[in-house]
Amino acid sequence: MSTVPEKPSLDNIESKWMAYWDEQSTNAFDRSVSRSDVFAIDTPPPTVSGSLHMGHVFSYTHTDTIARYWRMRGKSVFYPMGWDDNGLPTERRVQNYFGVSCDPSVPYQKDLVPPFRGDPPKDHKAVPISRPNFIELCEELTAEDEKIFEDLFRRLGLSVDWSLLYATIDERSRRASQRAFLRNLARGEAYTQEAPTLWDVDFKTAVAQAELEDRERPGAYHTLTFHRSDGNGDILIDTTRPELLAACVALIAHPDDDRYKPLFGTTVRTPLFNVEVPVLAHPLAQQDKGTGIAMCCTFGDLTDVTWWRELQLPTRAIIGRDGRIISDAPEEITDENGQRHYASLVGKSAKQAQTAIAALLAESGEMVGEPRPINHPVKFYEKGDRPLEIVTSRQWYIRNGGRDQSLRDDLLARGESLTWHPDHMRHRYSNWVEGLNGDWLISRQRYFGVPVPVWYPLSHTGEINYDTPLVPDEAQLPIDPSTDVPAGYTADQRDKPGGFTGDPDVMDTWATSSLTPQIAAQWEDNADLFSRVFPFDLRPQGHDIIRTWLFSTMVRSHFEHGTAPWSNAALSGWILDPDRKKMSKSKGNVVTPIDLFDSYGSDAVRYWAAGARPGIDTAFSEDQMKVGRKLATKLLNVSKFVLGFGEADTSISPTHALDSAMLHRLADVVDEATKAFESYDYARALERTESFFWWFCDDYVELVKTRAYATHSEEGALSARIALRRALSVLHRLFAPILPFATEEVWSWWQNGSVHRAPWPIRTDLVTETGFTIHAETHLDAVCGALGEIRRAKTEAKVSQKAIVEEVVVHASEGVISSITTSWADIADAGSVQKWTAHVSDTTDLTVHVTLAPPA
RNA sequence: GGGCGUUUAGCUCAGUUGGCUAGAGCAUCUCCCUUACAAGGAGAGGGUCGGGGGUUCGAGUCCCUCAACGCCCACCA
């Protein structure tokens, strides 16, 4: 407890109180309490490769207000932070920064010195290094960014317990991730399979359904002529991907399509390549698309995959993993011209091949007319730059209900069991789960990630036996199969016939971040801690990653623990720029958070963020930050003022009706704010508190300040001071979750300890239900109504509010007159009124005639 | 094509089970240097609550319908 400063200021309060909170361990999680006294938050680990922006400030503030509320409610708040530094974006930065590339076949080198630290020359050829070395460099580079992130989050006032920090690539995360995978494998929930999968040709990795997005791209319909094998004419096919013609395995029309019914079971020959393919029926063919009959290739899109599987068609892949036409033509192309045509396409990208084949078709006369340009949606990897291809490869999957109705039902039920904030977000989840069309593909052909922790035995001829993977003991985790050796083998047996080979892949970043509750709670590493926090209370996150992060976390927890990982999911909205467009760097409308903290203070920025209702998109608004700044300043000033009246024994009830009425009004605000916070609605809690606060400052304090100075009587002054101090204490605590710095500052002037460890206010801090006979709201409306009329009269007369009023005549109902009479002395003080008379009238309206004194 | 959300003052938004004359902040305008605060204060103007229909004594609120905008999912020859 210190004294009230002469000139209160918001300057530098952030650094002052940040240091204090560290010193006092204000935000530390108490590991001794039982689960029922814990509030556990599964904080989203931000991606470290980028920079923190207003979106982070926005959503993390929301969570922080909730954390602070529950801490004041006496819960031990488990509020960890994690860094998501596992994955592609980091990998790319490390390659560019150090001038290295990851090659899992290179052995680990202790104390490796990278060729560069920052800006390798343009002609530098990346030096291949082992995967463990590469991961070390990733950790080194991300550490710098993580420091910056931590500083920013501290400055924002997040009440995170920084001792709980984790990173998704750290040892604990890798161990948890591999352990969970191995358990999935042991229970049959993870499996490997060779199958056509969506493939990014630039990253050269498989991608999962959840990572897809559609982009509108220009394309062109080409009308191709297929020749009936019986010589009875041609069939026209519309396709946007003529470059796949050599991969054509069938023509397919709808079973009910009368135009093509007679052709089912017959064959046709492809243009240019002269390969015989069957004409088949399948209900997925759409009669109104193109010519109503489609060319099925291996593989142009996911429909092709379905046809290929269901109609048991052969495989004729022509696109390689680099997105180019492979050199080996399908052996079905026996025609000499066909082989020549194919050879002319080898090595071309899909786009180049399309141009080339269009020219060939035009030349051979097997294309009708010119290509007709269209715009159509094409599937992309969300981080990729080129359309996805479909290639056949061996991948690991985790079951997620995409191929199993009963599992799907179980996961839907888990989603239903959550309390969603806002509630309608539950539809995003069920919508996604119901639309799954396959299991979760978790393997990625990348390096910086958690390795798939298995090896495979090699036969005496060197064949990989995928059916009996060699798994490590859990005690060995984390492992890297590219350098570690499975039990029963020696290092020199690696990749030798009769030996073993390590799985070359890493797991999808979501395969690790789907375990954030387990990682943060130190699952299996610290059973005591885990039992005190799991399942968590809250998962806060963006609604754009319901299908990825939220759903995958649910899948893992369902399998491993047989429960949902949390009871509540709070989805935050987007930040829009003032023109209602989503903010983005490319538009140059991104303001950095630090500048805003410097300009308005952290509390003001938090105030803006907390004004947005849960899950609602919100416009970026510096105006709102100015308002927040004003609020924080006002809080300082009014606190100084109230405390300046001197101490009072607040255990005694105030005697004046106005004072009691004010406390009753505030007690209702406490109830509302409490109810709002319990349903995660920080915005409503703020709105109610703030609205009361401005009324308190503008009307109540003005009404009682003269009396509080002991101008009239000690008894009256005491009543006012008791009410003022009770209200102030409650207001400090009500604002604490939103304005942690300013409230801590004012709290320190007159209280011991942190406001953030003070108990959340309750009604009985303000009022006891006995001994108050008038209706608080009626009383306040009457008194403030009268004061308002006097103020209006002065404003209309264009005189100072300090101007003396000679007489006030009030006409009102008996009850209103009674209230005004009771508190008349305060009204007269606030309005500088010399004399007044009251008349009881039938009307419910309050009429006030004000006679101003002549200017002195 | 399926689902979800939004539509209230110039702007951003409240309006909780239907109930006085629909609210706030910002912006605009007027006034006031008033010993907590001029980085302040006091006031004013401004809305036929997206359109249409219905239920009701009474609808911003409930029902039907249409529209616009946004998002999610699916399809995509």
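Quick caveat, the model's predicted, so the values are computed rather than measured. Sequence lines set the chain letters: A, B, ... in the order given, protein chains first and strands last, and positions in each chain run from 1.
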task = Check side-chain contact (heavy atoms from CB on, under 4.5 Å) between A/T711 and all other residues, then give those that pass, not counting sequence neighbours.
result = A/T706, A/Y709
query = Who pairs with A/L284 by side-chain contact (heavy atoms from CB on, under 4.5 Å), at least two apart in sequence or on another chain?
reply = A/H282, A/T303, A/T306, A/W307
task = May I ask you to say whether A/R707 pairs ionically with A/D829, meaning some side-chain N is under 4.0 Å from a carboxylate O?
result = no
task = Ignoring backbone atoms, test whether A/R426 places a side-chain nitrogen or oxygen under 4.0 Å from the OP1 or OP2 oxygen of B/rG3.
result = no
inquiry  = Using atom C1' in both nucleotides, what's the gap between B/rA59 and B/rA22 to the nearest angstrom?
reply    = 12 Å
request  = Among residues two or more places apart or on two chains, list those pairs meeting salt bridge (charged side-chain N to carboxylate O under 4.0 Å, His left out) that have a residue in residues 278-301 of chain A.
outcome  = none
note = In B/S/- notation (B base, S sugar-phosphate only, - none; protein heavy atoms under 4.0 Å), nucleotides 70-77 of chain B written 5' to 3' is -SBSSBBB
task = Would you mind classifying the nucleic acid contact of A/R688 as base, sugar-phosphate or nothing, using non-hydrogen atoms under 4.0 angstrom?
result = base
query = Say you pick atom C1' in B/rG15 and the same atom in B/rA9; how far apart are they, in whole Å?
reply = 14 Å
key: Euclidean distance for P, B/rG60 against B/rU17 (whole angstrom)   = 15 Å
message = Would you measure the distance from the C1' atom in B/rA42 across to the matching atom in B/rC37 and give it in whole Å?
response = 15 Å
request  = Rounded to whole angstrom, note down the P distance from B/rG43 over to B/rC4.
outcome  = 46 Å
query = Distance between the C1' atoms of B/rC75 and B/rA14, in whole angstroms?
reply = 40 Å
A/D544: partners by side-chain contact (heavy atoms from CB on, under 4.5 Å), with sequence neighbours left out = A/W574
query = Does A/K630 have a side-chain nitrogen or oxygen under 4.0 Å from the phosphate oxygens OP1 or OP2 of B/rC26?
reply = yes
query = Could you spell out the base pairing of RNA chain B in dot-bracket, with Watson-Crick or G-U pairs whose two distances are under 3.5 Å, [ ] crossing and | to another strand?
reply = (((((((..((((.....[...)))).(((((.......))))).....(((((..]....))))))))))))....
inquiry  = Using a strict threshold of under 4.0 Å (side-chain N to carboxylate O), is an ion pair present between A/K675 and A/E678?
reply    = no
inquiry  = Without decimals, in angstroms, what is the distance between A/H424 NE2 and B/rG5 P?
reply    = 6 Å
query = To the nearest Å, how far apart are A/R629 CZ and B/rC26 P?
reply = 17 Å
key: Phosphate-side-chain proximity, A/R792 and B/rA42, N/O vs OP1/OP2 below 4.0 Å   = no
Any residue meeting side-chain contact (heavy atoms from CB on, under 4.5 Å) with A/S552, in chain and number order, not counting sequence neighbours = A/W440, A/W510, A/S514
ask   = Which letter, B, S or -, goes with each nucleotide of nucleotides 30-36 of chain B from 5' to 3', with contact meaning a protein heavy atom under 4.0 Å?
value = SSS-B-B
ask   = With sequence neighbours left out, what residues match A/D256 under side-chain hydrogen bond (donor to acceptor under 3.5 Å, both in side chains)?
value = none
query = CG of A/L631 versus P of B/rA24: gap in Å, rounded?
reply = 18 Å
key: Whole angstrom value for the distance that separates P of B/rU16 from CG of A/D681   = 13 Å
note = Sorted by chain and residue number, the side-chain hydrogen bond (donor to acceptor under 3.5 Å, both in side chains) partners of A/Q209 (sequence neighbours excluded) come out as none
query = Which heavy-atom pair separates A/L212 from A/R547 by the least distance, and what is that distance?
reply = O-NH2, 2.7 Å
Polar atom pairs between nucleotides 7-9 of chain B and protein, under 3.5 Å, N or O only, would you list them?
none

note = The side-chain hydrogen bond (donor to acceptor under 3.5 Å, both in side chains) partners of A/R721 (sequence neighbours excluded) come to none
request  = Go through the steps for A/W695 and A/F692 under the test ring-ring contact (aromatic ring centres under 6.0 Å, His included), then give the verdict.
outcome  = CA-CA 5 Å; A/W695 169 81; A/F692 173 89; 5.5 Å; yes
request  = Would you classify A/W694 as touching base, sugar-phosphate or nothing, given that sugar-phosphate means primed atoms plus P, OP1 and OP2, and contacts are heavy atoms under 4.0 Å?
outcome  = sugar-phosphate
key: A/L636 CG - B/rA39 C1' separation (whole Å)   = 12 Å
key: Residues A/E366 and A/H227: side-chain donor-acceptor under 3.5 angstrom   = yes
query = Can a salt bridge be assigned to the pair A/D699 and A/R791 using a cut-off of 4.0 Å between side-chain N and carboxylate O?
reply = yes
query = Say you pick atom P in B/rG47 and the same atom in B/rU8; how far apart are they, in whole Å?
reply = 15 Å
Note: A/D238-A/R372 ion pair, threshold 4.0 Å (strictly below) = yes
